[in-house]
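The structure appears below as structure tokens.
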Amino acid sequence: MMELYEKYVGLVFDNRYRVERIVGIGGMAVVFKATDLLMRRTVAIKILKDEISADEQAVQRFKHEYRAVAMLSHQNIVNIHDASVRDNIKYIVMEYVEGITLKNYMQHREVLNLREIISYTTQILRALDHAHKKGIIHRDIKPQNIMLLKNGVIKVMDFGIAKIPNAETVTMTDKAIGTVYYISPEQVNGSPTDARSDLYALGVMLYEMATGSLPFSAETPVSVALMQVNDTATPPREINPHIPVGLEQIITRAMEKDPDARYQSAEEMLEHLLKLRENPKIIFKENKAAKNKQKKQKNADTAASKPKHKTSRSMFPIIMGVTLAFLVVAGVAGYYMLDRLFLNGSMNDYEELRIPNFVGSAYTEELAEWFESSEYYTDPVITYVYSDTVEKGKIMEQEPLAEEKRKVLPGKQECEVQLTVSQGARTITLEDYSVRDYREVRTELRDLGLNVKEERVTDSILLTGYVVRTEPGVGTVLHEDDTVTIYISNGSDTVTVSVPDFKGLSEARALITLMEHDLNVGDVTYEKNWQTAGTVIGQSVDAWSSVPKYSEISFTVSGGPSYAGDGKTIPTEDDMKWTPVETPEPVVTPEPDNTWDDGNGSSDWTDDTNDDNSGWTDDSAGTVWEDNTDEDSGSTDDSWMDDTSGGTEEDDTSDDDNWWDLGWDWIRP
């Protein structure tokens, strides 16, 4: 998908806006980071997608957004600087903000704490109050349209279907299906909308932030829309009992079906929220408008059910009516007392059931119809759970258990059965995670039960830290514990840093040094070593090597002289102790015996060789036979000299080896 829009990167629009890279892709538009060359500032450019640029309604909505925000100026509303709508391209230039959508943050945190809820909602209310006082109704308030900056500031976006004074209202038919979770009842019914519709949507957001779940959900958008009109949401404190009563009151009032029973302005709702911030234990007075509405409705229902008759000034009919009613009540009560005391009454009508075994059976339409037609059982309460061992559709558990006995009164009191049904092994279909911060994507994938690997790649389009693609790709069906590799952009101009020498540093010091050099820690492995436990003894990248910023460096760390872990477990106190090892007895090597026994019991010959002078000494006579050959100088004078007599036996030949053949005739056998 990104390839279609990379053609804009590097272009300069209207000789002013230089497009740099893609930062987001939505349903209607692509958002780029750009530089305003005239004002010398970073901006965001929202370009209408090519495939819908000819859609008149989409273009009208695009223009509408610009007109709406151009009327506003508030710190919690994304500012629009410029716009251009031409045949070949349609774009809006807006304030560039770095952050994530509130929806992404809520999915990451699931349930927000009270401080965050009040902070974010307060900022949204101030933005809405500003817009409402200008006559602008947003009509599409949802967490996907709220940006959360790193400093906690909220920015409200996307006024594409806003209601603007003295302007043609853009239809929201194309958006209703996508926003049914936050849509107000009057929007579903097609009734006129006003500021209170935005407050209803904000009430739904509050509910989701406080409980971690939406108030209404169903299999189809149409069903959800009907629930917004007809159903009452589960009280928030039943889902999350830790939230204050006052917060539940604010949520409930904002989500009243009747606009007259809701807060009548963002300012009024903001006042209650600020009081809750000052005193989290506050309990607000009853909502009089809602109470009066209920009372009027009850009176109307009662009046409609009563038969009309002429009034009479006589008291006799009233007295007779009261008397007759008393007699009827007394008669019925007497009957039941006699029935209980003497006849054992309806106890005789109770029947005893023996609960069948449903576990292992498939929960089918036939079984559901059997429950529905039975006079002994109510419709079962079904809970669906994922299971790797039980086939999809099979009943895993039941309550009451099989063979248990229950008493029922047919037609009046029935037995309720709870069944747990398998959904089979959980599968996950990979979404398109490209052009998103890799930390968000990593968290979402891990929450789905998947293992995540990360690979850094050079990319000339996406910002550093944004996901380029995943492997496997979009639409792949996976199971829990499968592995997904996310490829993360390192940007086009990769900045490198020099890797320090970590050896000899403690783990804490190594971590600080990593941060100081814009590097990240990789795997840490412990091994047995004589150095103090926690000392770095090895690193995956050699010291002084150049690597891209934020590269991961893995370490080998000493676990201590007695470490016995698996390499991942942190050393214990015992691992750090030195265990002495017994030193073996030294091996004594005997001096070499350089003697030769002549065999006659009187003389022995000793090798007097000392590299330069070789000879044999007759220990019995002191006679020395000596090799006078000067091997180092290459002499060919090989002789044996009898030092005792001055005689010399000499080989005058030039062959150095011939002396071995001479003189042996006088060596005694």
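When reading the values below, keep in mind they use all heavy atoms of this one structure, side chains included, and skip hydrogens, waters and symmetry mates. All of these numbers come straight from a predicted model, not from anything done at the bench.
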Counterpart residues, side chain to side chain donor-acceptor pair (under 3.5 Å), relative to E271 (two or more places apart): none

Checking Y563 against E527: is there a side-chain donor and acceptor pair closer than 3.5 Å? no

Looking at E404, I'd like to know if its CD atom is crowded, meaning that more than 12 non-hydrogen atoms belonging to other residues, nucleotides or ligands lie closer than 6.0 Å. yes

What I want to check is whether the side chains of Q187 and S184 have a donor and an acceptor closer together than 3.5 Å. yes

Check whether R237 reaches the backbone of I243 with its side chain - one donor and one acceptor, N or O, closer than 3.5 Å. yes

Any side-chain heavy-atom pair of V524 and E507 under 4.5 Å: yes

Nearest 0.5 angstrom please: Y207 OH to N240 CG, how far? 10.5 Å

When you check the side-chain N and O atoms of S223 and T220, is any donor under 3.5 Å from an acceptor? yes

Is a donor from one side chain sitting under 3.5 angstrom from an acceptor on the other, for D140 and N145? yes

Please check this pair: side chain of R406 against backbone of R354, looking for a donor-acceptor N/O pair closer than 3.5 Å. no

Do the side chain of R456 and the main chain of I488 share a donor and acceptor less than 3.5 angstrom apart? no

Whether Y377 and W370 hold their rings parallel, tilted or perpendicular, with breakpoints at 30° and 60°: tilted

Assess the pair F371 and F358: is the distance between their ring centroids shorter than 6.0 Å? yes

With the side chain counted from C-beta on, respond yes when L206 and M269 share a heavy-atom pair under 4.5 Å apart, and no when they do not. yes

Give a yes or no on this: more than 12 heavy atoms of other residues, nucleotides or ligands lie within 6.0 Å of atom NZ of K405. no

Between D198 (side chain only) and A201 (backbone N and O only), is there a donor and an acceptor less than 3.5 Å apart? no

Test side-chain hydrogen bond (donor to acceptor under 3.5 Å, both in side chains), reference Y200, set Q228, E256, E186, output is Q228

Could you check whether any side-chain heavy atom of D231 comes within less than 4.5 Å of a side-chain heavy atom of F216, counting everything from C-beta outward? yes

